[in-house]
Amino acid sequence: AEGVMDSKVESIASAEESSRLPAVHPHENMAELAKTDKKKHSQMKTTIAEDLKEIAAALGKASTSNLARKKKKRDIRRENKWIEMKKYLEKHHRWPSQRQLKERIRKGIPPSLRGFTWLRLLGADRKI
């Protein structure tokens, strides 16, 4: 019984040895692994950078057109407010409110009304 047992143990041991992978020293191929890792890493970085550029371009187009639309609407609203102030000035010969005038000047005088506004602000219209 002991002989049968020994032969089974030997057959299991020999099967395990034949199925094992070849022994590799842990530091044997480290240089090659490092090169491969660096190469894969740089490829991944390149791919990620390209993807980010594509996303930024897509978002940039959408946000630029949206931003331009919003800016145009804002400028039109601003110009309409200045036109109302101009009508008030022409009717009453004074600006509606010093505080309101100051705020609107800081936000910007529309190009179409700059000449008119600055002439009135500086009092040059009275001297002409």
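Positions are given from 1, in the same order as the sequence printed here.
- The line from CD of Gln100 to CD1 of Ile105 is 11.0 Å long, rounded to the nearest 0.5 Å.
- Leu101 approaches Met85 most closely through the heavy-atom pair CD1-CE, 3.5 Å.
- The salt bridge (Lys or Arg N to Asp or Glu O under 4.0 Å) test applied to Arg99 returns Glu103, not counting sequence neighbours.
- Among all heavy-atom pairs drawn from Glu90 and His93, the shortest one is O-CE1, 3.7 Å.
- Between Lys87 atom NZ and Trp82 atom CH2 the span is 15.5 Å, to the nearest 0.5 Å.
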Name the atoms and distances for all side-chain donor-acceptor pairs under 3.5 Å in residues 110-120, with sequence neighbours left out.
| from | atom 1 | to | atom 2 | distance (Å) |
| --- | --- | --- | --- | --- |
| Ser112 | OG | Glu79 | OE2 | 2.4 |
| Arg114 | NE | Ile109 | O | 2.9 |
| Arg114 | NH2 | Ile109 | O | 3.2 |
| Thr117 | OG1 | Leu113 | O | 2.7 |
| Arg120 | NH1 | Phe116 | O | 3.4 |

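- Taking each heavy atom of Lys107 and Arg78 in turn, the nearest pair found is O-NH1, 3.0 Å.
- For the ring pair (Phe, Tyr, Trp, His ring centres under 6.0 Å) test, residues two or more places apart in sequence or in another chain that qualify with His92 are Tyr88.
- Interatomic distance, CG of Leu67 versus CZ of Arg74, reported as 8.5 Å (0.5 Å rounding).
- Ile76 and Ile83 are members of different hydrophobic clusters when ILVMFWY side chains are connected at heavy-atom separations under 4.5 Å.
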